[in-house]
Amino acid sequence: MAEIDAKSGYCSRTKTFRSLRKSLHLPPKDLPLSVSSYALSLQPDNPIANPTAMIDCATGRRISYENFFRQVDTLSFHLQSVVGVRKDDVAFLLCSNSVKVPIIYFSLLSLGAILSPANPLSTEAEISRLIELCKPAVAFSASSTSAKLPKLRLGTIVFDSPEFDSAVASESSEIDRVEVSQSDLAAIMYSSGTTGRVKGVMVTHRNMIANTASFKQHRSSRRSTAPAVTLTMVPYFHIFGFFAMLRAVALRDCVVVMERFDLTKMMRAVDEFRVTYLMVVPPVVVAMVKGDAAAGCDLTSLEFLGVGAAPLGKGVVGAFKTKFPHVVLEQGYGLTESTDPSQGQSEGLRWGSAGKLIGSCEVQIVDTESGVALGPNQRGELWIKGPIVMKGYLGDAEATGATLTPDGWLKTGDVCYVDEEGYFYVVDRLKELIKYKGYQVAPAELEQLLQSHPEINDAAVIPYPDEVAGEIPMAFIVRQPHGSIDEAQVVDFVAAQVAPYKKIRKVAFVNSIPKTPAGKILRKTLREAIAVHSKL
Ligand SMILES: CC(C)(COP(=O)(O)OP(=O)(O)OC[C@H]1O[C@@H](n2cnc3c(N)ncnc32)[C@H](O)[C@@H]1OP(=O)(O)O)[C@@H](O)C(=O)NCCC(=O)NCCSC(=O)/C=C/c1ccc(O)cc1
């Protein structure tokens, strides 16, 4: 069609950018299919039959694919026949990375149960807010975190227990077949979206199938015949790590599971297990570039570094390329609400770009003032449409309506532009969010806590640039007239009530907080003041 520019994908008639990649090869929409069945159906396509499914990075223990599938089946049988898990039951998961987590995820998905994973470092108060949202029937937890969970209808399964081990090792029979539609919910993931309060993102099986299909298409350009080995240190309780693991299993990679990030151990694991793919967040790239943790390690197996969840500075990209010239560094762009709409391309990468739009999707760049859709090289809010876009926020019609348009566009809250060759660039953020080490921190949540302190009259929280973490939460505090609260007391007060990544890490005392006449905090004014101050 002449109205679509072949280089940028921009359609002058609809004012949208179309994907320049092949359409995704997706199963018919109305075919009953869970993402677990879809993932397993892709496996035989892999020309390199990889026998090992998982390696526990800490112990070197291996689980073969044969054993992995057997354990998934046995656990599914146990969950269905002993625990009583049924289709559409929500399973709340409080698990750090472990080789058992993929087994739990695949079992639950095959039963049509809905996964709802959360950060195990969350406090009891944070967890009870999530539980209120997703109303789980059952939970999975490590023994160290199970006390933070309330009593649930089908109880809590402690996965580092002898009972769990015997449940996955016992004899099992076929499960009662469960028909899962692609439009059914596969997961409820947590995000603060473009505003403060935590929301449950409804991710469907179709969303996950589309994401996996896109990844498979992307991978087909790989030339090496060595077995693909993916090391995942990013947590499986967020969409980035979840998908890194799911897609690696779908492509029959060997997955090296790292529970807790440690740079030296990660480098040694790349060497020892001949890792080809490493999925990381920007602070890890910064650490790889700076230190000498790679000294003495043979990293020649490493082909690809996938970076997501937060922006990566140009300087870091350059330094990485100098230090690891044989490794392709690809930045992707993704959010929980849309999985990943763009992926880097190994051929012709652009510095600072998050790659090109995946197949079967379209985007618009919308002027934030006028609402008019813009063309190539113009900056505006990124809107996305396609099979990867979430169903909405659980039980929150207001937030869903503010984020999804009636004709299916997802407003991302990110300011982007698409260049004349169809490359994406993320340049700013409209949403009120802090990205600490790739984790989302909602300023409004911290402000609410601060404002509850008797010695604090008013408070505002903004992102403060940090070389290692990307951004840290900084609080501006107005003391009560006779209040004497100091920096350490502010930090400790918040730290006692939130997961460690949400801690306030910098404090300034001010006389007033700049606000609009309607009382909305002018965070931009505070951010600009900080920018000027830090240049002095
Ligand atoms: C490896 C990191 C970068 C660094 O690890 P760390 O330094 O050990 O710190 P932690 O983050 O594990 O822990 C945070 C804090 O909690 C502390 N902590 C730790 N475990 C404990 C403990 N058991 N007791 C008490 N304190 C503790 C820990 O010490 C630390 O404190 P501090 O040093 O003060 O920051 C880690 O932060 C990390 O994995 N971050 C990734 C977060 C993440 O996955 N985000 C993705 C969100 S989803 C998304 O954006 C999607 C994007 C996407 C993009 C592209 C796509 O293609 C698709 C999708």
Side-chain angles (χ1 to χ4, degrees), residues 94-97 117-123 142 144-145 148 187 189-193 201 203 207-208 210-212 214-215 218-219 231-248 258-266 277-288 304-312 330-345 354-358 384 388 390 412-414 424 426 429 431 433-441 466 468-473 491 494-496 498-506:
L94 217 46
C95 313
S96 51
N97 286 4
N119 189 333
L121 291 179
S122 306
T123 62
S144 57
T145 47
K148 292 196 263 187
M189 311 288 292
Y190 297 101
S191 161
S192 58
V201 177
V203 183
N207 293 153
M208 292 193 177
N211 183 286
T212 308
S214 139
F215 192 70
H218 190 53
R219 176 71 74 81
L231 189 149
T232 49
M233 45 63 57
V234 274
Y236 299 156
F237 52 78
H238 280 314
I239 203 112
F240 188 32
F242 187 152
F243 276 46
M245 177 274 287
L246 178 83
R247 300 183 306 200
M258 196 167 189
E259 181 181 354
R260 184 88 207 273
F261 171 64
D262 178 304
L263 184 64
T264 308
K265 287 185 183 155
M266 187 179 86
Y277 291 84
L278 197 49
M279 305 303 284
V280 300
V281 287
V284 177
V285 189
V286 173
M288 284 175 79
F304 174 98
L305 191 84
V307 190
L312 190 61
E330 276 197 4
Q331 282 180 261
Y333 166 76
L335 53 170
T336 310
E337 289 81 348
S338 74
T339 68
D340 45 353
S342 83
Q343 279 169 353
Q345 298 213 117
K356 288 188 175 184
L357 185 61
I358 65 164
I384 307 166
I388 51 170
M390 67 160 180
T412 64
D414 287 314
F424 259 67
V426 183
R429 201 184 289 153
K431 53 194 170 198
L433 194 68
I434 300 164
K435 279 261 170 145
Y436 176 80
K437 293 185 177 176
Y439 287 115
Q440 284 189 345
V441 183
D466 181 85
V468 175
E471 293 170 347
I472 55 172
V491 169
V494 174
V498 296
Y501 68 90
K502 294 186 194 167
K503 281 194 259 184
I504 297 283
R505 289 169 197 267
K506 195 169 173 62

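Values in this document were obtained by computation on a predicted structure and should not be read as measured data. Computed from heavy atoms alone, side chains included, the values below leave out hydrogens, waters and symmetry copies. Counting starts at 1 for both ligands and their atoms, in listed order.
- Residue, atom and distance of the protein heavy atom nearest to atom 32 (P) of ligand 1 are Tyr436 OH, 3.4 Å.
- Met233 CE, 3.2 Å is the protein heavy atom nearest to atom 1 (C) of ligand 1.
- The closest non-hydrogen atom to atom 8 (O) of ligand 1, taken over His218, Arg505, Arg260, comes from Arg260.
- Considering every non-hydrogen atom in both Pro235 and Tyr439, the closest pair reads CG-OH, 3.8 Å.
- Near Gly438, the atoms of ligand 1 lying under 4.0 angstrom from a non-hydrogen atom of the residue are 42 (C), 43 (C), 45 (N), 46 (C), 47 (C).
- Contact record, Gly438 with Ala309: O-CB, 4.0 Å, taken as the closest heavy-atom pair.
- Each of the following atoms of ligand 1 lies closer than 4.0 Å to a heavy atom of Lys435: 50 (O).
- Among protein heavy atoms, atom 17 (C) of ligand 1 sits closest to Pro500 CB, 3.7 Å.
- Among residues two or more places apart in sequence or in another chain, the ring pair (Phe, Tyr, Trp, His ring centres under 6.0 Å) test is passed with Tyr277 by Phe304.
- Here the heavy atom of the protein found nearest to atom 58 (C) of ligand 1 is Asp340 CB, 3.4 Å.
- For Ser96, the side-chain hydrogen bond (donor to acceptor under 3.5 Å, both in side chains) partners at least two apart in sequence or on another chain are Glu259.
- From the protein, the heavy atom lying nearest to atom 23 (N) of ligand 1 is Leu121 CD2, 3.5 Å.
- Among the atoms of His238, none of the N or O lies under 3.5 angstrom from an N or O of ligand 1.
- Looking at Phe237, Phe261, Tyr439, Phe240, it is Tyr439 that brings a heavy atom closest to atom 10 (P) of ligand 1.
- Of the candidates Gly355, Ala495, Gly334, Pro283, Gly334 brings a heavy atom nearest to atom 53 (C) of ligand 1.
- Residue contacts with ligand 1: Thr336 is placed with no nitrogen or oxygen under 3.5 Å of a nitrogen or oxygen of the ligand (distance criterion only).
- Residue Ala309 approaches ligand 1 through these ligand atoms, each under 4.0 Å from one of its heavy atoms: 45 (N), 46 (C), 50 (O), 52 (C), 54 (C).
- The protein heavy-atom contact nearest to atom 14 (C) of ligand 1 is Tyr501 CB, 4.3 Å.
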Checking ring-ring contact (aromatic ring centres under 6.0 Å, His included) for the pair Tyr190/His238: CA distance, chi angles, key distance, verdict? CA-CA 8 Å; Tyr190 297 101; His238 280 314; 9.2 Å; no

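- Heavy atoms from other residues, nucleotides or ligands lying under 6.0 Å from NZ of Lys148 number more than 12.
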Worked verdict on Asn119 versus Tyr501 for side-chain hydrogen bond (donor to acceptor under 3.5 Å, both in side chains): CA-CA 10 Å; Asn119 189 333; Tyr501 68 90; 4.5 Å; no

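- In this structure, Gly308 and Val281 approach most closely via the heavy-atom pair O-CG1, 3.5 Å.
- The minimum heavy-atom distance between Tyr236 and Gly241, with the atom names listed, is CD2-O, 3.5 Å.
- In terms of protein heavy-atom proximity, atom 7 (O) of ligand 1 is nearest to Lys437 NZ, 2.8 Å.
- The nearest heavy-atom contact from the protein to atom 39 (O) of ligand 1 is Pro235 CD, 3.5 Å.
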I would like to know whether Met288 and Met266 meet side chain to side chain contact (heavy atoms under 4.5 Å, CB included); could you show each step before the answer? CA-CA 10 Å; Met288 284 175 79; Met266 187 179 86; 4.1 Å; yes

Could you walk me through whether Val498 and Val494 satisfy the side chain to side chain contact (heavy atoms under 4.5 Å, CB included) test, starting with their C-alpha distance in whole Å, then the side-chain angles of each, then the deciding distance to 0.1 Å, before giving a yes or no? CA-CA 6 Å; Val498 296; Val494 174; 3.9 Å; yes

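- By heavy-atom distance, the residue among Asn119, Ile472, Val281, Ile239 lying nearest atom 3 (C) of ligand 1 is Val281.
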